[in-house]
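The structure appears right after this line, and notes come after that.
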Amino acid sequence: MSTSINGMKRTDYCGDLRKTDVGREVVVNGWCDRVRDNGGVLFLLVRDRAGVVQCTFDKSVNAELFQVAFGVRTEFVIAVRGKLVARDDAAVNTKMPTGEVEIMAEELRILSKAETTPFEISDEKEVGDQIRLKYRYLDLRRPSMQRNLMLRHRVTQIARNYFDEKGFLEIETPMLTKSTPEGARDYLVPSRVHAGKFYALPQSPQQYKQLLMLSGIDRYLQITRCFRDEDLRADRQPEFTQIDLEMSFVEQDDVIAVNEGFLQRVFKEALGVDIALPLPRMPYEEAMNRYGSDKPDVRFGFEICDVSDIAQKCSFKVFHDTVENGGTVRLINVDGYADQFPRKEIDKLAEFVKTYRAKGLAWMKLASDGSMTSSFAKFLTEEEIEAIKTRANAKAGDLLFVVADADRDTALISLGALRCELAKRLGLLRKDDYKLLWVTEFPQFEYSEEEDRLVAKHHPFTAPMEEDLELLDTNPRAVRAKAYDIILNGCELGGGSIRIHDAALQTRMFRALGFTEEKAQEQFGHLIAAFSYGAPPHGGLAYGLDRLCMLLAGHDSIRDVIAFPKVQNASDLMMSCPDVVEQKQLDELSIAIVHTEDEV
RNA sequence: GGCCCGGUAGCUCAGUCGGUUAGAGCGCUAGCCUGUCACGCUAGAGGUCGUGGGUUCGAGCCCCAUCCGGGUCGCCA
């Protein structure tokens, strides 16, 4: 029997067939999704990327054909030719898009047989990540995974079309590039021709895209892979895709405007969701103070409020001393949910905030029956308690969580994490509620404990805000940058900045970052030189395409929108990589493997 | 590097206080069934309980080590 497709090429995708196609002779190609054998009549459900359609085989009509169909098993690859007919009203399956029709089979060809798959190809069954990723090619047969890949395709197409309309040129930049010490760990590629030297895979095309601006490209776009050798998370993979763009002769508002247009179109064309413009903007400082995060989830309340002044005056040592010593006392009001948190749950939440380095979690529960219990109220006067309740706008049924800490950010971040955790536990996070906002005015620098110096929070080419320029040499930690992140539901979708285009300012910046003249020349000499030949004001932004698709698809991990992702230890379970290589390859690269003792 | 959760049939899981022959659903195989659609009915096959060591008369269960997967803190300009 022939297993070629000759004469049995598809006329339609299975999932596309509708009542309007009734009467046509059709051929479908696909995988057997399910066999329903009723004795004298047998149904094969055929699945392709568009969906599933039912093919019907009647023993009394064609016994020979029926016998072939009888031998078909799940996941066999088949071609079916037959007449598309309408189903009787009683036989309509309202759960299937193709449920009003079926193919009365006249010919069936088995193109490929299949072993029983290690798991069922179905969205109904939960399967563990380990097994899914080992057999990713089977996992991707599932309709939900196919939908995700199609959505991702849609989003990249929208990006290309939109930015093309806006005059952006798509330009490829190298994958083999130079290691830069700032930022994440690099993936290194050894050079054969230059023994002992290494390329680095790009963490982002940052320098190249800026150089393209100096070249007069004016508007650049690239949808490109980036690499960072850091530990994985649900929203972090070692290789990920950016929608990367850069514009010349612009200020922050110009970059934001063009990107708001893009976001509006993505939501409209990919999801049918209308996004109102302009998007809200929030300075970094405000985001931290209200939400304890530089990527606030504003789908729900529980905002942080400052009670340091009240705490300072009270006699409760923990509160009082913390503030006296320059610390802070903040709280959130989980308004209306007090009764849902028994003492045991509260203790668990205290453990939760400790993972964010908070030393403890004080609480005050105002049950809806009017009773009040608290871990700290006994140390406070009536007036002090009232002052806190007033500040927190607390009433019966509310629950206050308080964190006191010497470090302002520790208090804010732990409460910020807590409010998100509470919202999650309370089921307040609706995935189809899309709250976008810009976070702006980021600090230019942050302190690195590891290196005991200031490092660039964004990157060393980010322009400082003009009004803070004078602080660059006197009080650098107060300098704000022309940097902006686009946030969706507590997730950083992308970020960018206006860049420094003035050579003298760039030199000042390197100095503030603790670079010596020689070190700056050694690492960024090519950029410094380039900027000396005429640089336009420019700025840009890069989106995490994986995260964008993840949120649009309503998933919790970017693995679900990446065809072949890596697991937590950065290996590929399907390909079994990374892997050892032959000695000959190592020799050519002048690489010797040194095994440590505990590896024996 | 730290912390938390998990690993039992092909898949998803249950497994009581450490005690007889380790179970269920789905899937799979065979048979029956002419309109099913999560088809149904009958029968059957299928297990190094992640791995190694230890405690015990006896370990899926307790202890130690280790591997694998997930989440997370650090890290991620």
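Numbered from 1 within each chain, the chains take letters A, B, ... in sequence-line order.
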Between [N] and [M], how many Å separate the two [atom1] atoms, rounded to a whole number?
| N | M | atom1 | answer |
| --- | --- | --- | --- |
| B:C57 | B:G69 | P | 38 Å |
| B:G60 | B:U8 | C1' | 7 Å |
| B:G6 | B:U12 | C1' | 14 Å |
| B:U66 | B:G27 | P | 41 Å |
| B:C61 | B:U55 | C1' | 14 Å |
| B:G47 | B:C63 | C1' | 25 Å |
| B:C33 | B:U42 | C1' | 11 Å |
| B:U36 | B:G19 | C1' | 48 Å |

When only distance counts, do a donor and an acceptor, one from the side chain of [X] and one from the base of [N], lie under 3.5 Å apart?
| X | N | result |
| --- | --- | --- |
| A:Arg87 | B:C37 | yes |
| A:Arg34 | B:C39 | no |
| A:Asp37 | B:C33 | yes |
| A:Arg228 | B:C76 | no |
| A:Gln130 | B:G6 | no |
| A:Arg357 | B:G2 | no |
| A:Asp58 | B:U34 | yes |
| A:Thr355 | B:U72 | no |

If I take atom [atom1] from residue [X] and atom [atom2] from residue [Y], how far apart are they, to the nearest 0.5 angstrom?
| X | Y | atom1 | atom2 | result |
| --- | --- | --- | --- | --- |
| A:Arg357 | A:Asp405 | CZ | CG | 9.0 Å |
| A:His459 | A:Ser204 | NE2 | OG | 7.0 Å |
| A:Cys226 | A:Glu239 | SG | CD | 10.5 Å |

According to a strict under-4.0 Å criterion, is [X] in side-chain N/O contact with OP1 or OP2 of [N]?
| X | N | value |
| --- | --- | --- |
| A:Arg559 | B:G71 | yes |
| A:Thr117 | B:G10 | no |
| A:Lys95 | B:A38 | yes |

### Task
Could you tell me whether the side-chain ring of A:Phe43 sits stacked on the base of B:U36, using a centroid cut-off under 5.5 Å and a plane angle under 30°?
yes
### Query
Taking the side chain of A:Asp129 as heavy atoms from C-beta outward, which of B:C37, B:G27, B:G69 is closest to it?
B:G69
### Message
Heavy atoms from C-beta onward define the side chain here; which of B:U72, B:G74, B:G35 lies closest to that of A:Arg236?
### Response
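That would be B:G74.
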Partner nucleotide of [N] by Watson-Crick or wobble geometry (both distances under 3.5 Å):
| N | result |
| --- | --- |
| B:A24 | B:U12 |
| B:A43 | B:U29 |
| B:C75 | none |
| B:U51 | B:A65 |

For residues 517-527 of chain A, which side-chain donor-acceptor pairs fall under 3.5 Å, sequence neighbours excluded?
unit_1	atom_1	unit_2	atom_2	d
A:His526	NE2	A:Gln207	OE1	2.6

Nearest whole angstrom, please: distance from the [atom2] of [N] to the [atom1] of [X].
| X | N | atom1 | atom2 | value |
| --- | --- | --- | --- | --- |
| A:Glu115 | B:U29 | CD | C1' | 13 Å |
| A:Phe119 | B:C28 | CZ | P | 15 Å |
| A:Asp33 | B:U36 | CG | P | 19 Å |
| A:Arg132 | B:G10 | CZ | C1' | 17 Å |
| A:Ile121 | B:U12 | CD1 | C1' | 15 Å |
| A:Phe57 | B:G35 | CZ | P | 17 Å |
| A:Phe76 | B:G27 | CZ | P | 17 Å |
| A:Lys59 | B:G35 | NZ | P | 13 Å |

Have a look at [X] and say if it touches a base, only the backbone sugar-phosphate, or nothing, with a 4.0 Å heavy-atom cut-off.
| X | answer |
| --- | --- |
| A:Glu120 | base |
| A:Glu102 | base |
| A:Asn38 | base |
| A:Glu124 | nothing |
| A:Ile131 | sugar-phosphate |
| A:Ser60 | base |
| A:Ala456 | sugar-phosphate |

### Query
Out of A:Lys19, A:Arg87, A:Lys95, A:Arg18, which one pairs with A:Glu100 under the salt bridge (charged side-chain N to carboxylate O under 4.0 Å, His left out) rule?
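With A:Glu100 as partner, A:Lys19, A:Arg87, A:Lys95, A:Arg18 yield a single salt bridge (charged side-chain N to carboxylate O under 4.0 Å, His left out), made by A:Lys19.
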### A:Phe66 ring center within less than 6.0 Å of A:Phe57 ring center
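For A:Phe57 and A:Phe66, the ring centres are not under 6.0 Å apart.
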### Query
Hey, mind stepping through A:Leu541 and A:Tyr484 against side chain to side chain contact (heavy atoms under 4.5 Å, CB included) and telling me if it holds?
CA-CA 8 Å; A:Leu541 187 132; A:Tyr484 34 82; 3.7 Å; yes
### A:Arg81 with A:Glu106: basic N within carboxylate O range, under 4.0 Å
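Looking at A:Arg81 and A:Glu106, the cut-off is met.
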### Message
Tell me whether A:Glu124 is salt-bridged to A:Arg34, with the criterion being a basic N under 4.0 Å from an acidic carboxylate O.
### Response
no
### Query
If each of A:Ser557 and A:Arg36 is mapped to the nucleotide of RNA chain B with the nearest heavy atom, which maps nearer the 5' terminus, i.e. the 5' end?
A:Arg36
### Summary
5'-most contact on RNA chain B (nearest-nucleotide basis), A:Val127 vs A:Ser204, goes to A:Val127
### Query
Judged by modelled atom types alone, do A:Gln210 and A:Tyr208 share a side-chain donor-acceptor pair under 3.5 Å?
no
### Query
When you measure from every atom of RNA chain B, which of residues 562-574 of chain A have a heavy atom less than 4.0 Å away?
A:Val567, A:Gln568, A:Asn569, A:Ser571, A:Leu573
### Message
Is the positively charged end of A:Arg419 above the ring of A:Phe300, judged by distance under 6.0 angstrom from the centroid and angle within 45° of the axis?
### Response
yes
